[in-house]
Amino acid sequence: MTISNYNFAGKKAIVRVDFNVPLDENGHITDDTRIRGALPTLKHILDNGGALIIMSHMGKPKGKPAAKYSLSQIVDAVSAALGREVKFAQDCAKAKAQADALQAGEVLMLENLRFYGEEEGKPVGIEKEDPAYEEAKKAMKASQKEFAKTLASYADCYVNDAFGTAHRKHASTAVIADYFDADNKMLGFLMEKECEAVDNILKNIRRPFTAIMGGSKVSTKIGIIENLMDKVDNLILCGGMTYTFAKARGGEVGKSICEEDKLDMAMDIMAKAKAKGVNLVLATDAIVADNFANDANTQVCDVMAIPQGWEGVDAGPESRKAFAAAIQGAKTILWNGPAGVFEFDNFAAGSKAIAEAIAAATQEGAYSLIGGGDSVACINKFGFADQVSYISTGGGALLEAIEGKVLPGVAAIKGE
Ligand code: AMP
């Protein structure tokens, strides 16, 4: 079933959203992007004559109630965003009566799902090393099903719009779907958009396809790099991993971030790129600093010859040109991870050059997807957010999807 085709009139919909929003010390929301992201789905259900039961997690309460993770703190904000009263169920597993009483157009929000260990399905209060852990895990899996069944009993249909947790097989993100037939479960609009974005770079690729992978370490990106290797025409590897590649090729990298135990991995990536005809673009020069601080002394250096006591903190001018050239003319673009320590303004030029090139290529008709934490912060910092095709809301979930992994939250609904 799709959300656009479903008739919500007279129905109760239980909707998993990702309202894990950052709060300040007074419990005020500091960034409401995630609430805004779910609004199209929530409003559609209400406008269509349905009643809403909203459920989410917040933070990591580890299976126990904790005031600082209570979703009661955001009831007013959700109410303001929806323009109507939002009732609150203080115990997500004991909300049946409140759910039953809901009328069309009414909204009930459940307390933090992770106040129950059953949500994540992990045993609470017992360490992995404990010999009794496996037994406890089995028991928890059984009670996770019961928990999911209870949540399912509140509603006629289930909608998953929480892309941020789609890579988790939790009670509310996946297990619950077993209690609805195919005609009564569906992805929300945000999830649909995210899945479409992933399809655009993994399946419906328009060529040439340029992927830009940055960030600090090659080891955390290897799964994605390997999956992309079969799909891209140009692969830009930048950021901290530059220096692992330089070292692998026999370079001197000073005190740059470098994964000494991943030199073989770097060589292997270079060999694979060659074998598959992928144009691998590595930085040739770097901005190096004598200190990890914005006001450090800097110089431009060959990535293969960084002096002792200096570290690479950004892509140099030659590299920026090479990156821009590989982005220009691309018809599909994926960017994950900054080209330097962009949090410091003086080391942000490489990341900015990439953002500019992506914006220009998008203007020329390319499809550009930005995702995975820091590159989203980058694109926002440089003011290009409205000049790219899509900015993913899911960090870990997007990365797993790009690695080619099946997301349990999507599979539970689409049956893939
Ligand atoms: P990741 O979480 O792996 O995507 O890495 C993002 C982080 O990598 C950002 O906080 C950047 O500051 C950092 N980063 C990028 N380039 C470098 C570099 N040359 N040296 C140290 N950290 C870097």
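Since this is a predicted model, take the numbers as computed values, not measurements. Ligands are counted one by one from 1 in listed order, and the atoms in each one are counted from 1 as well.
- Open room surrounds NZ on Lys145; 12 or fewer heavy atoms of other groups in view lie less than 6.0 Å from it.
- For residues 335-359, the ring-ring contact (aromatic ring centres under 6.0 Å, His included) pairs, not counting sequence neighbours, are Phe292-Phe344, Phe344-Phe347.
- Here the two rings, on Phe245 and Tyr243, have centers that are 6.0 Å apart or farther.
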One pair to check against salt bridge (Lys or Arg N to Asp or Glu O under 4.0 Å): Arg16 and Glu119. What are the steps and the verdict?
CA-CA 12 Å; Arg16 176 56 155 106; Glu119 165 62 1; 3.4 Å; yes
When you check ligand 1 against the protein, what N or O pairs turn up below 3.5 Å? List the atom names and distances, or just say none.
residue	atom	partner	partner atom	Å
ligand 1	3 (O)	Ser216	N	3.2
ligand 1	3 (O)	Ser216	OG	3.2
ligand 1	4 (O)	Lys221	NZ	3.0
ligand 1	5 (O)	Ser216	N	3.1
ligand 1	8 (O)	Ser216	N	3.3
ligand 1	10 (O)	Glu343	OE2	2.4
ligand 1	12 (O)	Glu343	OE1	2.7
ligand 1	12 (O)	Glu343	OE2	3.4
ligand 1	16 (N)	Gly240	N	3.3
ligand 1	19 (N)	Gly312	O	3.0

List, one per line, each side-chain donor-acceptor pair under 3.5 Å for residues 252-272, sequence neighbours excluded.
residue	atom	partner	partner atom	Å
Lys255	NZ	Asp290	O	3.4
Ser256	OG	Val253	O	2.6
Ser256	OG	Gly312	N	2.9
Glu259	OE1	Val218	N	2.9
Glu259	OE1	Ser219	N	3.2
Glu259	OE2	Ser219	OG	2.4
Glu260	OE2	Lys247	NZ	3.0
Asp268	OD2	Lys272	NZ	3.3
Lys272	NZ	Glu226	OE2	2.9

What side-chain donor-acceptor pairs closer than 3.5 Å can you find for residues 354-365, not counting sequence neighbours?
residue	atom	partner	partner atom	Å
Thr362	OG1	Ile358	O	2.6
Thr362	OG1	Ser368	OG	2.8

